[in-house]
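Chain identifiers are assigned alphabetically (A, B, ...) following the order of the sequence lines, protein sequences preceding nucleic acid strands; residue numbering begins at 1 within each chain.
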2 protein chains.
Amino acid sequence: MVDDVFKALADPTRRRILDELAERDGQSLFEICARLATRHGLGLSRQAISQHLAVLEAAGLVQTRRQGRYKFHDLNTEPLERVMTRWLRPDAPEGTS
Amino acid sequence: MVDDVFKALADPTRRRILDELAERDGQSLFEICARLATRHGLGLSRQAISQHLAVLEAAGLVQTRRQGRYKFHDLNTEPLERVMTRWLRPDAPEGTS
DNA sequence: ACCATATGCAAGTGACCACTTGCCTAACAA
DNA sequence: TTGTTAGGCAAGTGGTCACTTGCATATGGT
């Protein structure tokens with residue numbers, strides 16, 4: 001579970017996808033492909049993006065909802081918050097003996 | 001730079017090492033090896049751990065100081081804090097129109 | 001000087017990962 | 001039904017990664 005989150009974050013393309021979804025939720029696969037191509041210059045195939053989305057969904061970072069022949073993707077930051085407090089101590093501000 | 005941090009966090013052994021250093025800073029390579037073996041059941045070679053530490057150091061997550069023939073390792077969480085606020089919005093607590 | 005300790009460097013190997021290509025299914029429109 | 005659009009499944013490939021093995025270096029003790 002935790003492993004899935006970190007593995008998902010390890011790839012720069014997947015982080016770009018998270019950026020895109022953070023900026024605009026509910027995009028379809030083709031929308032994401034188009035925006036990665038036009039705005040980030042990424043020339044990846046549709047299947048490549050689809051596989052990345054599958055990894056992100058397995059990690060719980062992206063949730064999907066089907067609607068007709070479309071499949072919309074939403075960002076879910078909850079796994080990030082849960083996983084990142086691991087080494088960040090509850091900030092004892094320097095004077096806590 | 002950012003890529004190095006996420007790549008470093010992608011491996012479970014490296015995360016264990018960060019756990020160890022979070023609990024006790026300033027351990028040498030052999031100390032880390034011993035504690036990973038006894039407390040986590042990890043039977044890795046010294047070189048494996050050494051290479052992991054090199055990755056963590058390249059990411060800035062671990063800082064080292066030499067002292068004679070010893071090399072002590074310290075945790076540095078600053079790259080984590082800098083990198084993880086990327087998708088976690090500055091927590092607008094629900095009533096911020 | 002000698003020897004043990006603590007660490008570094010380098011090549012080799014097996015597994016995993018990102019990406020592609022090709023075909024297939026499902027939904028909407030004419 | 002036929003055609004088009006959105007998406008899924010599966011096999012293949014090149015590259016990267018984690019780990020090992022073997023040798024080398026450096027520090028400290030005696």
Among the candidates [options], find the nucleotide nearest to the side-chain atoms of [X].
| X | options | answer |
| --- | --- | --- |
| B:Tyr70 | C:dA6, C:dT20, D:dT5 | C:dA6 |
| A:Gln47 | C:dA6, D:dT21, C:dG22 | C:dG22 |
| A:Gln51 | C:dT20, D:dG8, D:dA18 | C:dT20 |
| B:His52 | D:dA18, C:dC19, D:dT20 | D:dA18 |

Determine: side-chain N/O of [X] to OP1/OP2 of [N], distance under 4.0 Å, yes or no.
| X | N | answer |
| --- | --- | --- |
| B:Lys71 | C:dG8 | yes |
| A:Ser50 | D:dG8 | yes |
| B:Ser45 | D:dT20 | yes |

How close or far is atom [atom2] of [N] from atom [atom1] of [X], stated in whole angstroms?
| X | N | atom1 | atom2 | result |
| --- | --- | --- | --- | --- |
| A:Leu29 | C:dA26 | CG | P | 18 Å |
| B:Phe6 | C:dA18 | CZ | P | 15 Å |
| A:Glu31 | D:dT5 | CD | C1' | 14 Å |
| B:Arg46 | D:dA18 | CZ | C1' | 16 Å |
| B:Arg16 | D:dA18 | CZ | C1' | 17 Å |
| B:Leu53 | C:dG8 | CG | P | 9 Å |
| B:Lys7 | C:dC16 | NZ | P | 18 Å |
| A:Asp4 | C:dC16 | CG | P | 15 Å |

Would you say the side chains of A:Glu31 and A:His73 form a donor-acceptor pair under 3.5 Å?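 Side chains of A:Glu31 and A:His73: no pair found under 3.5 Å.
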Indicate whether any N or O donor in one side chain lies under 3.5 Å from an N or O acceptor in the other, for A:Thr85 and A:Glu81. no
Identify all side-chain donor-acceptor contacts of residues 55-64 of chain B below 3.5 Å with residues at least two apart in sequence or on another chain.
from, atom 1, to, atom 2, distance (Å)
B:Glu57, OE2, B:Thr64, OG1, 2.9

Side-chain (A:Ser45) to main-chain (A:Ala48) donor-acceptor, under 3.5 angstrom: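 The answer is yes, because a donor-acceptor pair under 3.5 Å joins these two groups.
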Do the side chain of A:Arg69 and the base of D:dT5 come within less than 3.5 angstrom through a donor-acceptor pair of N or O atoms? yes
For a quick check, tell me whether the side chain of A:Arg66 and the base of D:dG7 share a donor-acceptor pair closer than 3.5 Å. no
Closest heavy-atom contact between B:Arg86 and A:Arg16? NH2-N, 4.5 Å
By nearest-heavy-atom nucleotide on DNA chain D, the more 5' of A:Phe72 and B:Gln67 is A:Phe72
Nearest-nucleotide 5' precedence on DNA chain C, B:His73 against A:Gly68: B:His73
